[in-house]
Student: 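Got a structure for you, written out below as structure tokens; questions coming shortly.
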Amino acid sequence: MPNAKARELRLNMTDAERLLWTALRSRQLAGYKFHRQFPIGPFIADFACRKHRLIVEADGGQHNDNPSDQRRTDYLENHGWRVIRFWNNDILANIEGVTEMILKELGAGN
């Protein structure tokens, strides 16, 4: 079932997710390979770099102080992933700054 949900999410990406995917897809970000709407256990990560076990989340207002997001992050981190989150408006207004932060995080994980 996660694959069907991931497929649905790929078809219905937000504007911020679409913009971020444009920056991450096809190894465009310094050669790092990302997958979008990537199932991990019971969750689906917005974007994941499997080799470096980094998850990038694009969050809208519904994620503000959401306890289920913390449980999700805890699960993913307990399974060896690092999770970084960006607000949709930050992605839309400053994609260069967002990709720079992702690159820094990728460098920190090596």
Side-chain angles (χ1 to χ4, degrees):
M1 193 60 97
N3 287 335
K5 181 64 174 172
R7 191 173 306 111
E8 178 187 331
L9 290 170
R10 281 192 295 272
L11 292 172
N12 297 303
M13 292 193 323
T14 66
D15 290 343
E17 289 171 334
R18 197 170 292 109
L19 179 61
L20 188 52
W21 180 237
T22 298
L24 298 176
R25 68 183 294 179
S26 302
R27 299 181 190 265
Q28 291 185 116
L29 187 66
Y32 290 103
K33 182 172 177 67
F34 279 87
H35 301 270
R36 65 183 169 141
Q37 306 304 337
F38 185 71
I40 301 171
F43 301 105
I44 300 173
D46 288 342
F47 305 99
C49 179
R50 289 174 26 189
K51 182 176 180 179
H52 296 278
R53 300 194 59 84
L54 177 67
I55 294 169
V56 178
E57 293 290 311
D59 291 342
Q62 75 274 18
H63 293 277
N64 194 19
D65 295 325
N66 187 334
S68 65
D69 279 344
Q70 188 56 54
R71 286 190 298 277
R72 181 177 187 273
T73 296
D74 291 344
Y75 173 91
L76 295 167
E77 288 177 346
N78 287 333
H79 286 83
W81 292 87
R82 291 174 294 137
V83 179
I84 57 174
R85 297 180 173 280
F86 298 96
W87 292 110
N88 286 346
N89 59 337
D90 292 334
I91 294 167
L92 294 169
N94 186 15
I95 188 64
E96 295 83 11
V98 168
T99 56
E100 183 177 311
M101 291 179 71
I102 294 169
L103 281 170
K104 285 181 183 176
E105 189 65 32
L106 286 162
N110 290 334

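Reckoned from all heavy atoms, side chains included, excluding hydrogens, waters and symmetry mates.
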Student: Does Arg82 reach the main-chain N or O of Glu105 with its side chain, forming a donor-acceptor pair under 3.5 Å?
Tutor: yes
Student: Using the test side-chain contact (heavy atoms from CB on, under 4.5 Å), find all partners of Lys51 that sit at least two apart in sequence or belong to another chain.
Tutor: none
Student: State, to 0.1 Å, how close Phe34 and Trp21 come at their nearest heavy-atom pair, and which atoms those are.
Tutor: O-CH2, 3.5 Å
Student: With salt bridge (Lys or Arg N to Asp or Glu O under 4.0 Å) as the rule and sequence neighbours excluded, what pairs involving residues 90-101 come up?
Tutor: Glu100-Lys104
Student: For Asp15, give me all partners under side-chain contact (heavy atoms from CB on, under 4.5 Å), at least two apart in sequence or on another chain.
Tutor: Arg18, Leu92
Student: Quick one: side-chain contact (heavy atoms from CB on, under 4.5 Å) partners of Ala93, sequence neighbours excluded?
Tutor: none
Student: Can you name the nearest heavy-atom pair linking Cys49 to Trp81, along with the distance?
Tutor: O-CZ3, 3.8 Å
Student: Where is the tightest heavy-atom contact between Phe38 and Ala48, given as atom of each residue plus distance?
Tutor: CD2-CB, 3.7 Å
Student: Which atom pair, heavy atoms only, marks the closest approach of Glu17 to Asp46?
Tutor: OE2-OD1, 3.5 Å
Student: Using modelled atom types only, decide if a donor and an acceptor are shared between the side chain of Gln28 and the backbone of Thr22 within a distance under 3.5 Å.
Tutor: yes
Student: Which residues pass the side-chain hydrogen bond (donor to acceptor under 3.5 Å, both in side chains) test with Ser26, not counting sequence neighbours?
Tutor: none
Student: Mind checking the OG1-CG spacing from Thr14 to Asp59? Nearest 0.5 Å is all I need.
Tutor: 9.5 Å
Student: Could you check Val56 against Val98 for side-chain contact (heavy atoms from CB on, under 4.5 Å), going step by step and ending with a plain yes or no?
Tutor: CA-CA 10 Å; Val56 178; Val98 168; 5.7 Å; no
Student: To the nearest 0.5 Å, tell me how far Ile44 CD1 sits from Ile55 CD1.
Tutor: 11.5 Å
Student: How close do Asn88 and Ala58 get, heavy atom to heavy atom, and via which atoms?
Tutor: OD1-C, 3.5 Å
Student: Got a sec, which residues hit side-chain contact (heavy atoms from CB on, under 4.5 Å) with Thr73, two or more places apart in sequence or on another chain?
Tutor: Gln70, Glu77, Val83, Arg85
Student: With rounding to the nearest 0.5 angstrom, report the OH to CG distance, Tyr32 to Leu54.
Tutor: 9.5 Å
Student: Any chance you could measure His35, atom NE2, to Phe47, atom CZ, to the nearest 0.5 Å?
Tutor: 12.5 Å
Student: Identify the heavy atoms of Ile40 and Tyr75 that sit nearest to each other, and give their distance.
Tutor: O-CE2, 4.2 Å
Student: What's the spacing between Leu24 CG and Ile95 CD1 if we round to 0.5 Å?
Tutor: 7.0 Å
